[in-house]
Amino acid sequence: MILADKIISLRKKNGWSQEELAEKMNVSRQAVSKWEGAQTIPDLGKILQLARLFGVTTDYLLKDELETAEHTREDEQPDLRKIGMEEAGVYLESRVAAAKRIALGALLCILSPIPLFLLGGATEENWGIHEGFALGVGLVSLILMVMAAVALFVYTGFQNAPYEFLEKNEDFELEYGVAGMVREKQKAYRKDYVLGMVISVCLCVISPVPLLLGAFGGIGFQVVALLCVTMGIVGCGVYGLVRNGVRWASMQKLLQEGEYQKKEKESNSVRETVSSVYWLILTAIYLGWSFLSNDWHITWVVFAVGGVLFAALDRACDLWNKRK
């Protein structure tokens, strides 16, 4: 096997395109194409760089009679977890189902206060509903919806337990052909992913419109109803963002791309912790203020202001991680 064929074989084994190999070698794609077409031969420096990159000996690259790759000692990592084709396929399929459950759980959390709002508004309109009864039914429905969401989250967590190492800083590598398979699935899903994210973002952007209409022209129960419509639109937008995002992230985790690159994993864990604590505190403030004041038509601004502040907090965490 000549050098050109060995470069092609090793590149494909790692799931890299010519452009990706060229970037790692700090050369043009045309240079890689010429190497693989046996039109030119890499200089000695590039041969050594290729050997280090692929984890093989220079003898294997230069000697045509050597058909089996000779790996260097640095490349031998017996304790490194390997993900095969079957395991990767099962993981991706499980994340498709998990994406739906997580998105549904997020939707239930957003919609959970709506019965409470509607019943509270109905009591203000003197529709014959006792205030205590309305509050009790509203709280019970809120608790049940949140409980259902938590159950979905917990069940999904148990289902994902065998793949927790993908969420952590543990090193792993993909067996031959796995990266190529994942990239094919990623390529096939890209169009639906982009369309879904665009629609979801647009829904979140237009969600305040019903509430604004209620604020400027609504009276009484109309304002409450339009607030619920706004929350419903936000819920649909978040559902799409979560469902598409979780599925796309599963492919990036396997390929260790984007925010799932090894150097990004530690910073992401910090940001996720800060995010969880932040939204729990914000929800506690919202519920505390609402129950003490009974001004449910006003207290929703906690989440509007909190969303803006969260963007600033997230950016601050990002800058802190980069500085660190």
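We use all heavy atoms of the structure for the numbers below, so side chains are in, but hydrogens, waters and symmetry mates are not.
The pair E20-R183 meets the salt-bridge criterion, with a side-chain N (NZ, NE, NH1 or NH2) lying under 4.0 Å from an Asp/Glu carboxylate O. Salt bridge annotation for R11-E36: present, with a cationic side-chain nitrogen under 4.0 angstrom from a carboxylate oxygen.
Annotation for G84 and V178: closest pair C-CG2, 3.6 Å, computed over non-hydrogen atoms. Taking all atoms of both residues into account, the shortest heavy-atom contact from A99 to R243 is CB-O, 3.4 Å. Between G105 and F153, the shortest heavy-atom distance links the atoms C-CZ, 3.5 Å. Nearest approach of I47 to P42, heavy atoms of both residues: CG1-O, 3.8 Å. Nearest heavy-atom pair across A38 and I2 is CB-CD1, 4.4 Å. Minimum heavy-atom separation, T58 to A51: CG2-CB, 3.8 Å.
Between L50 atom CG and R52 atom CZ the span is 9.5 Å, to the nearest 0.5 Å.
You'll find the side chain of L21 reaches within 4.5 Å of the side chain of L53, heavy atoms only. Side-chain contact check for W35 versus V27: some heavy-atom pair is nearer than 4.5 Å. With contacts defined as side-chain heavy-atom distances shorter than 4.5 Å, the pair Y239/S200 does not qualify. A heavy-atom distance below 4.5 Å is not found between the side chains of S141 and L116.
In this structure, the side chain to side chain donor-acceptor pair (under 3.5 Å) partners of R95, at least two apart in sequence or on a different chain, are N160. Listed by chain and residue number, nothing satisfies the side chain to side chain donor-acceptor pair (under 3.5 Å) test with Q186 (two or more places apart in sequence, or in another chain). Y91 pairs by the side chain to side chain donor-acceptor pair (under 3.5 Å) definition with nothing, not counting sequence neighbours.
Distance alone, capped at 3.5 Å, is enough to place a donor-acceptor pair between the K46 side chain and the M25 backbone. Remark: side-chain polar atoms of T230 are paired, donor with acceptor, to backbone N or O of S207 under 3.5 angstrom.
More than 12 non-hydrogen atoms from other residues, nucleotides or ligands lie less than 6.0 angstrom from CG of L144. More than 12 heavy-atom neighbours from other residues, nucleotides or ligands sit within 6.0 angstrom of CD on Q39.
The cationic atom of R101 (NZ for Lys, CZ for Arg) does not lie both less than 6.0 Å from the six-membered ring centre of Y155 and within 45° of the ring axis.
Note on ring orientation: taking the six-membered ring where Trp is involved, the planes of Y193 and W248 are parallel (angle under 30°, cut-offs 30° and 60°).
Transitive grouping of hydrophobic side chains (ILVMFWY, heavy atoms separated by less than 4.5 Å) brings M85 and V90 into a common cluster.
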